[in-house]
Each structure stands twice: as structure tokens, then as C-alpha cells.
Amino acid sequence: MEYSMLFLIIIFMIGFVGSFISGMVGIGGSIIKYPMLLYIPSLVGLSAFTAHEVSGISAVQVLFATIGGVWAYRKGGYLNKKLILYMGISILIGSFIGGYGSRYMSDEGVNLVYGILAITAAVMMFLPKKGVDDIPLDEVTFNKWIAASCAFLVGIGAGIVGAAGAFILVPIMLIVLKIPTRMTIASSLAITFISSIGATTGKLLTGQVLLFPAVIMIIASLIASPLGANAGKKVNTKLLQVFLALLILGTAIKIWFDILT
């Protein structure tokens, strides 16, 4: 694959936009960048990536995108260490299994898994989340076994598509575990950072990563993710939830349209 100046600019902008949004709403960004990497290069006359190449680039990029977001949220009491520990270990194991095992799947299979994850997350984001933001941060409790089990299953699917899984972890944490929105956003970034370690390792071991595009995406992520996280602190939590729900729904519709046509 040849890397022209237009190619570099397009990849950088995809990384910047996706990482800004990921930092703002507490996701690793693959929910946005997966379809952008899959469709935008070919739309501007560049060589298209395969689903395996997109998932490999996404896995490496998310690893760095989440670092900036977690750093921005390190103060303020938003990071729930116990939640991060239980979900982080489970999702790390699941994401490695998914990332390594994806080498045996077709491009259509990878896209199908992405479509299932996206539509599930979209449905969950529109379910009512009554009273979650009324809980004081120092009084938050959750079921450890449910948290660990959900994280493991999400990790397998997320590892396949090179995502960190935050786009489905966020609604699980809000609706199933009843974690307040800002704690969900901050803690999900830390959990998805751990998840991306497993997914990236699996992708690298199976040769699914194009390193040069991944480096461009990493540079964009390190710049944009902290900016997005700082912007997210100033935005109303209800607006964040609606924005994320619409984002996931739009992506799910596009992916399923391509799968079924």
C-alpha cells in the first residue's frame, strides 16, 4: 500500500475526530473510527483497507487513545478502582482471545461481529437510566460477578473487531451496574485501555496490524483524546448520553445496511 500526503492527512483526521469524541464520551473511539477507516479512504480515491487491517489499526490506536483520556480523569474521584480491577482483568482475557482468534475469521465475519455489538449497544443506550446520577460517587456499589462476566463477553467481541469495547461497556455500566455517568465515562476509559492491551497483542501476534497507519492514528489520538476528555467535563451528562446513543445507532444502521445488501 502506497502512503501519499492525502493518505496521511485523511488517516490523521480520522484519528483526531474519533479520538476527540472518544475522550469526550468515554469510549475508545472504534465505534467511530472502524467505519471511517473502512469507508472514507475509498471514497476519496485511496486504496481501501480490509476489515482485518481496520481492526488491527483500531486495536493499536485505541491503546494510546485511552491513555490520554484516563490521564485527564485521574483527579476528581471519577475512577472506580474496584470496578476497573474486576472488569479490567476479565476484559483483558476476553479481548486477547478475540484478537488472536480473529485471524481465522473472514472480513464478513469481522463486520458481522461489529454490527451485532453496535446494534446491541444502540438498543441499550436508549433504555431508561433512572436515578444513576443521584448516587454519591463514594457510595457506588455493583455486582462483581455480573461486572466480570459482562466484561469477558464484551472483550471477546471487541477483540475480534479491534475495539476496546467501551461503546457497549458504557451502556452496561449505566443500565446493568447502575454506575453514575461521569464515573462510567472515566472508569470505562481505564477498562478499555486494559482491553486494548489484549486486543493489540492478539492482532500483533497474528500479523493483522499495518504499523505506519497505526502510528499516524496514535499521534492524532494523543493530541485529541485529552482535549475531548476536558470538553466532556463541561458538557451536561444527559447530552453526553444522547450524543453517544445517536452515534452508536447511526453506525449500527450503516454496518447492517452493508451486511444485508
Side-chain angles (χ1 to χ4, degrees), residues 22 25-31 34 55-56 58-67 69-70 73-74 78-105 110 113-114 116-121 123-125 127 129 132 135 137 140-206 208 244 248:
S22 75
V25 299
I27 60 175
S30 291
I31 187 67
Y34 186 97
S55 66
S58 296
V60 176
Q61 180 275 323
V62 169
L63 178 65
F64 289 86
T66 48
I67 293 175
V70 173
Y73 276 109
R74 71 191 185 281
Y78 295 123
L79 294 170
N80 187 312
K81 295 179 181 178
K82 186 177 291 187
L83 182 67
I84 293 168
L85 177 65
Y86 279 94
M87 299 191 79
I89 292 174
S90 298
I91 204 169
L92 175 63
I93 297 170
S95 64
F96 177 77
I97 293 172
Y100 191 88
S102 63
R103 67 182 298 186
Y104 303 107
M105 299 179 66
V110 174
V113 172
Y114 184 90
I116 293 171
L117 289 174
I119 198 67
T120 301
V123 170
M124 292 186 69
M125 284 302 295
L127 295 176
K129 297 169 279 292
V132 293
I135 306 170
L137 296 183
V140 173
T141 60
F142 61 94
N143 186 301
K144 301 177 181 63
W145 292 108
I146 292 177
S149 300
C150 289
F152 177 74
L153 294 174
V154 170
I156 293 175
I160 290 173
V161 301
F167 61 93
I168 193 166
L169 276 181
V170 167
I172 286 174
M173 293 166 72
L174 289 171
I175 298 165
V176 179
L177 301 177
K178 306 296 183 184
I179 307 297
T181 302
R182 294 201 186 280
M183 180 175 282
T184 289
I185 290 173
S187 298
S188 70
L189 281 168
I191 295 165
T192 51
F193 167 69
I194 297 171
S195 170
S196 64
I197 295 173
T200 299
T201 302
K203 297 292 184 182
L204 287 171
L205 288 176
T206 52
Q208 298 181 61
L244 181 57
I248 293 172

Take atom CZ of Phe96 as the centre, draw a 6.0 Å sphere, and report whether it contains more than 12 heavy atoms from other residues, nucleotides or ligands. yes

Of Leu189, Leu174, Val154, which meets side chain to side chain contact (heavy atoms under 4.5 Å, CB included) against Leu169? Val154

Check whether any side-chain N or O of Ser95 sits under 3.5 Å from a backbone N or O of Gly155 as a donor-acceptor pair, and report yes or no. no

Decide yes or no for Leu204 and Tyr100: does some side-chain heavy atom of the first lie under 4.5 Å from some side-chain heavy atom of the second? no

Does Ser90 reach the main-chain N or O of Met87 with its side chain, forming a donor-acceptor pair under 3.5 Å? no

I'd like to check Leu177 versus Thr184 (side-chain heavy atoms, cut-off strictly below 4.5 Å). Are they in contact? no

State, to 0.1 Å, how close Ala158 and Leu117 come at their nearest heavy-atom pair, and which atoms those are. N-CD1, 3.9 Å

Minimum side-chain heavy-atom gap Lys144-Leu83 below 4.5 Å: no

Point-to-point distance, once rounded to the nearest 0.5 Å, from OG1 of Thr206 to OH of Tyr104: 8.5 Å

Answer whether the closest heavy-atom distance between the side chains of Phe142 and Asn80 falls below 4.5 Å. yes

Please round to the nearest 0.5 Å and tell me the distance separating atom OG of Ser149 and atom CG of Asn143. 8.5 Å

Would you call Met183 and Met173 a side-chain contact if the rule is heavy atoms closer than 4.5 Å? no

I'd like to check Lys203 versus Arg103 (side-chain heavy atoms, cut-off strictly below 4.5 Å). Are they in contact? no

Closest heavy-atom contact between Val110 and Val161? O-CG1, 3.4 Å

Ser187 OG to Ile84 CD1 distance, which is reported to the nearest 0.5 Å: 4.5 Å

Here the pair of heavy atoms bringing Val170 nearest to Ser188 is CG2-OG, 3.8 Å

Closest non-hydrogen atoms of Leu92 and Gly198, given as atom of the first, atom of the second and distance, are CD1-N, 3.4 Å

Atom pair OG1 (Thr192) and CD1 (Ile197), whose distance is rounded to the nearest 0.5 Å: 10.5 Å

Pairwise distance CD1(Ile179) to OG1(Thr141) - rounded to 0.5 angstrom: 7.5 Å

Within a strict 4.5 Å, meaning less than it, do heavy atoms of the Ile156 and Phe152 side chains meet? yes

